[in-house]
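First the proteins, then the strands, lettered A, B, ... as listed; each starts at 1.
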Number of protein chains: 2
Amino acid sequence: MTSTDHRGFETSQALLTVGQVARAAGVTANAVRFYERYGVVSGYRSSGNARRFTVDTICRIKLALAAQRVGITLKESADILAGIPPLSRDLDQWVSAGEQLVLIGQARIAQLQATVNELATLDFLQPDTPEDRPRH
Amino acid sequence: MTSTDHRGFETSQALLTVGQVARAAGVTANAVRFYERYGVVSGYRSSGNARRFTVDTICRIKLALAAQRVGITLKESADILAGIPPLSRDLDQWVSAGEQLVLIGQARIAQLQATVNELATLDFLQPDTPEDRPRH
DNA sequence: CTAGAAGTTCGCCTATGGGCGAACTCAAGT
DNA sequence: ACTTGAGTTCGCCCATAGGCGAACTTCTAG
């Protein structure tokens, strides 16, 4: 049986409201609208101007949240997600997006490790670094 | 010979202006004032209300800059630096401050590595995590 | 005396990631 | 008819890390 939500949309249909997407993704509706402004998610509008999202929107948000944890901004996540068409049945695209995140994360780790190694030497306290001072 | 700067202070004396500190630390004078508001540095005032800093101020700024690179905020750097008295001749205090940074950096790396490992599994796309769902 | 350099405070602007309340619409249920 | 719930836009709020300009003072040099 097909029931309808309070906006008259069939709930069995693959279109979700902000609130539904928000709950499923574990964020607030506020945040979802924010993500939309940054292009992380995008959707349609109902006749009453309410946002309608396809189910993959939830995955997009989850990816962006995961990406944040490796220091990726919403804008950057939006760029990565731009390569994945809405309602893609192609799991490979999500896998490769995940791989991009892993690569970026590993790069961050390498960078951080280099910084920590430098910190350990206390070199940062030195008056100036040799490369700033051209030795004739 | 003791020369004087444009504010009438002897440059051979151990008190520096914002500009001098800024140049030595490789930041703008603006930034130095900002750091002062956050307690990263502190100094005196001349009769004309101009800031006067001791030379160790430069090291404090450099430490804060290094700390930023491992994700430490100015406020946190201020806390670490609060343990080092002005004009400390005790190198050990700087060494231990450096060690704190290294420990924090290593913790960040471990955290990041864990996150990347999780990303690699694509688990973040799953509807809910087991720990959110109490299995009776 | 006057110009210039460097200092001062104040306050607005930026980006990033949202929270929150106001005021409003829209559709369903009683 | 009215309430209720969920949606909408708008705009101000926070922290973090400063940039930048305005308007003003202070001191030195010529």
- Message: Between R108(B) and G71(B) (side chain of the first, backbone of the second, donor and acceptor by atom type, cut-off under 3.5 Å), is there such a pair?
- Response: yes
- Item | Close side-chain approach of V27(B) to F34(B), heavy-atom, < 4.5 Å | no
- Task: Return the value, rounded to whole Å, for the distance between atom OH of Y38(A) and atom C1' of dA15(C).
- Result: 7 Å
- Item | Flag side-chain contact, heavy atom, 4.5 Å: E99(A) against L103(A) | no
- Query: Taking CZ from R52(A) and P from dA6(D), how many angstroms apart are they, rounded to a whole number?
  - Reply: 13 Å
- Grab the CD1-P distance between I61(A) and dG18(C) for me, whole Å please. 10 Å
- Using the side chain to side chain contact (heavy atoms under 4.5 Å, CB included) rule, take Y44(B) and L15(B) through it: C-alpha gap first, then chi angles, then the decisive distance, then the call. CA-CA 9 Å; Y44(B) 313 96; L15(B) 287 180; 4.0 Å; yes
- Task: Might you point out which heavy atoms bring G105(B) and L112(A) nearest each other, and give the distance in Å?
- Result: O-CD2, 4.4 Å
- Message: Would you say that F53(B) contacts V32(B) through its side chain, given a criterion of any heavy-atom pair below 4.5 Å between the two side chains?
- Response: yes
- Message: Rounding to an integer number of Å, can you tell me how far N49(A) CG sits from dT25(C) P?
- Response: 13 Å
- Item | Residue pair Q113(A) / Q106(B), side-chain heavy-atom distance below 4.5 Å | no
- Task: Measure from CZ on R37(B) to C1' on dA17(D) and round the result to the nearest Å.
- Result: 10 Å
- Looking at dT8(D), dG18(D), dG7(C), which one has an atom nearest to any side-chain atom of R33(A)? dT8(D)
- Which of residues 24-32 of chain B sit near DNA chain C, with a heavy atom under 4.0 Å from it? none
- Query: Atom CD of E36(A) to atom C1' of dC10(D): distance rounded to whole Å?
  - Reply: 15 Å
- Would you call T17(B) and R52(B) a side-chain contact if the rule is heavy atoms closer than 4.5 Å? yes
- Message: At less than 4.0 Å, is any side-chain N or O atom of Y35(A) found next to OP1 or OP2 of dG18(C)? Yes or no.
- Response: yes
- Item | Strand contacts (DNA chain C) in residues 63-77 of chain A, 4.0 angstrom heavy-atom criterion | Q68(A), T73(A), L74(A)
- Message: Looking only at the side chain of R45(A) (C-beta and beyond, no hydrogens), which of the listed nucleotides dT8(C), dG18(D), dT9(D) gets closest?
- Response: dT9(D)
- Does the side chain of R51(B) get closer than 4.0 angstrom to OP1 or OP2 of dT9(C) through an N or O atom? yes
- Task: Quickly work out the F53(A) CZ to dA6(D) P distance and round it to whole Å.
- Result: 17 Å
Listed pairs under 3.5 Å, donor-acceptor, residues 72-84 of chain B side chains, sequence neighbours left out:
| from | atom 1 | to | atom 2 | distance (Å) |
| --- | --- | --- | --- | --- |
| T73(B) | OG1 | E76(B) | N | 3.2 |
| T73(B) | OG1 | E76(B) | OE1 | 3.4 |
| K75(B) | NZ | D79(B) | OD1 | 3.2 |
| K75(B) | NZ | D79(B) | OD2 | 3.4 |
| E76(B) | OE1 | T73(B) | N | 3.0 |
| S77(B) | OG | T73(B) | O | 3.4 |

